[in-house]
Amino acid sequence: MHWADVLAEDLLKENKKHVLATGITPSGPIHVGNMREVLTTDAVYRSVLKKNGDAELIYIADDFDNLRRVYPFLPKTYEKHVGKPLSDIPCPCNKHKSYAEHYLSSFLDSLKELGVNPTVYKASEMYKTGLYEESIQIALENTDKICKIIEKISKRQLPKNWIPFNIRCEKCGKITSAEPVLYDYPYIDYTCSCGYEGRANVTKGGLGKLPWRIDWPARWKILNVTFEPFGKDHGTVGGTHDTGVAIAKEIFNYTPPKYIMYEFILLKGKGAMHSSKGTALSADEMLKMTPPEVLRFLLMDNHPNKHIQFDPGLGILNLVDEYDQQERAYFKIEEEIKGTKDLIETYELSQPYEIPKKIPFQLPYRHLVTLVQTGENWKDIKKILTRTNQIPKDLSKEDEDHLKQRVEHVQYWLENFAPDMVKFKVKKQLPKINLTDEQTNFLKKLNDKLPDIKWEAENIHNGIYEISEQEKIPIKTAFTTIYQIILGQEKGPRAGFFLSNLDKDFVVKRVKEAVK
RNA sequence: GGGCCUGUAGCUCAGCUAGGUAGAGCAUCUGGCUUUUAACCAGGUGGCCGAGGGUUCGAAUCCCUCCAGGCCCGCCA
């Protein structure tokens with residue numbers, strides 16, 4: 001059984017409406033690792049719905065959390081914003097309402113592309129509209145109890161006058177620097193390190209925030225959360241999940257949601273991703289080089305408790321190939337590889353939106369890598385594909401869109417991540433090269449033969465071999481020569497297929513030129 | 001120090017939740033049309049299922065101990 005179904009069935013033991021929650025703090029570019037949490041939740045959500053359960057998928061952006069420090073990708077001027085809620089900090093590009101919006105909006109766009117459509121909650125709004133009011137009161141009334149729970153479970157010492165509420169200083173706007181002096185419901189008198197002394201009315205929204213260890217369980221109750229995954233960093237003993245569970249039960253009288261702890265996505269050769277260390281791959285970027293169904297596939301095919309090594313280099317080609325292979329198996333065009341796990345569920349969960357009724361038109365991804373570099377744009381590429389009969393004349397609109405979308409992904413990959421060995425450029429002019437006599441001889445023979453070759457991959461390929469045999473020219477030399485005069489490099493894509501994609505006249509002309 | 005996960009063929013991993021004759025892909029070897037930057041087909045080789053103990057008629061699978069590796073663990077989600 002697919003892991004999402006296992007989790008869904010566990011939820012369905014209770015016949016009620018399930019709220020599946022996921023949340024990420026938009027403190028910077030949101031990376032693929034974070035994406036795992038959202039897609040994991042989405043998978044379980046879909047599975048519950050499929051089994052006729054009642055479910056809602058929600059996404060909570062904790063934009064009321066404060067900026068911890070000036071991250072490497074931020075200008076120095078952000079120093080003055082450290083400590084303020086993300087929703088109160090100006091946008092780095094000035095196009096969004098706030099710092100939080102800046103990172104959130106592109107992430108939400110990515111989610112849409114992946115077919116994830118949660119109800120979005122923003123913590124800043126939840127606080128400002130008073131959704132947290134009751135929880136704040138309960139927390140403050142139970143300060144001692146909460147303090148004991150946290151100290152006992154996390155083995156951490158809290159400061160003497162600690163209260164489960166971070167006051168936002170009215171003057172400087174920071175939620176990290178105000179110290180409570182006196183608490184008399186509903187007022188808290190405080191002094192801030194900026195010198196301000198003030199009084200906060202906790203029943204008025206937005207004057208402060210519950211610390212994370214209390215915020216999380218409070219949120220479960222406010223939104224009736226029944227399921228929420230979290231990364232292994234929270235799963236540690238005495239960690240925020242442990243204290244959250246205890247606080248939910250003992251303070252908020254709420255049964256903690258079910259969960260799954262997920263492993264991290266590691267970047268091949270670089271290890272775990274950290275935005276702050278520059279070793280993160282943002283969700284945006286990943287989606288630009290990986291088709292959405294393939295990105296989903298990567299996560300659906302791997303149990304959340306397994307870490308994923310993601311290779312943005314050649315590995316991506318294998319990943320897409322693997323996806324295509326499973327797609328063919330799903331549509332029974334070829335046999336599934338023995339031992340494939342949950343083929344049907346995995347494929348269906350990988351679809352961003354509708355599950356195709358028939359198999360989408362496939363072109364091997366590696367071919368696309370060559371094609372994309374042969375043609376200038378989609379029009380060009382389509383022309384080549386049509387001329388070489390690689391796509392049917394009556395290609396459907398959906399199939400064309402699908403193909404075009406893949407071409408765009410390949411282009412982005414080639415520009416940003418592909419290793420040099422797969423890159424090439426068809427030179428507009430004959431490159432400056434020194435050819436040996438043997439090579440020149442080969443080109444002469446090729447020049448004679450070319451006009452008679454029917455312009456198809458296999459014929460071209462065979463033609464090259466014939467010359468090689470007749471003239472006793474090593475086949476390797478033959479290929480190298482071709483790559484040199486067209487690409488200006490010694491290696492290149494499979495020659496027959498490659499040349500057939502080029503215009504015949506162009507090749508004939510180039511060979512003629514090279515012989516001179 | 002604590003926690004989670006992993007250990008099965010040369011490599012990457014299924015199989016373990018419901019115990020019942022050890023599997024796949026790649027690599028390698030052989031044969032077929034000399035086949036390029038990782039696009040063929042057919043067949044073969046290859047494993048003390050990390051080690052030890054226990055439960056059982058029977059264990060890769062369940063229980064215990066140990067060993068090795070990965071990752072995580074400050075009011076940093």
Within the pair [X] and [N], is there a side-chain N or O less than 4.0 Å away from OP1 or OP2?
X         : N       : answer
Arg494(A) : rU35(B) : no
Lys491(A) : rU37(B) : yes
Lys306(A) : rA14(B) : yes

Which part of the nucleic acid, if any, lies within reach of [X] when heavy atoms closer than 4.0 Å are counted: base, sugar-phosphate only, or nothing?
X         : answer
Gly492(A) : base
Phe230(A) : nothing
His461(A) : base
Pro211(A) : nothing
Phe497(A) : base
Asp65(A)  : base

Open item on the list: Ring-plane angle category for Phe297(A) and Tyr323(A), please: parallel below 30°, perpendicular beyond 60°, tilted otherwise.
Closed with: perpendicular
Open item on the list: We want to know whether Asp215(A) and Tyr132(A) form a side-chain donor-acceptor pair, criterion being a heavy-atom distance below 3.5 angstrom.
Closed with: yes
TODO: Nearest whole angstrom, please: distance from the P of rC5(B) to the CD1 of Ile308(A).
DONE: 17 Å
Open item on the list: From CD of Gln325(A) over to P of rA24(B), roughly how many Å is that when rounded to an integer?
Closed with: 15 Å
Open item on the list: Measuring from atom CZ of Arg68(A) to atom OG1 of Thr176(A), what distance do you get when rounded to the nearest 0.5 angstrom?
Closed with: 9.0 Å
Looking at the side chain of [X], which of [options] is the nearest nucleotide?
X         : options                   : answer
Asp233(A) : rA38(B), rU34(B), rC72(B) : rC72(B)
Val422(A) : rU37(B), rC72(B), rA39(B) : rU37(B)
Arg366(A) : rA38(B), rG2(B), rG70(B)  : rA38(B)
Met261(A) : rU36(B), rC4(B), rC73(B)  : rC4(B)

Task: Base-pairing mate for rA68(B) - Watson-Crick or G-U, with both contacts under 3.5 Å - done: rU6(B)
TODO: Using Watson-Crick or G-U wobble geometry with both distances below 3.5 Å, tell me the partner of rA42(B), or none.
DONE: rU30(B)
TODO: Determine whether the aromatic ring centres of Phe361(A) and His402(A) lie less than 6.0 Å apart.
DONE: no
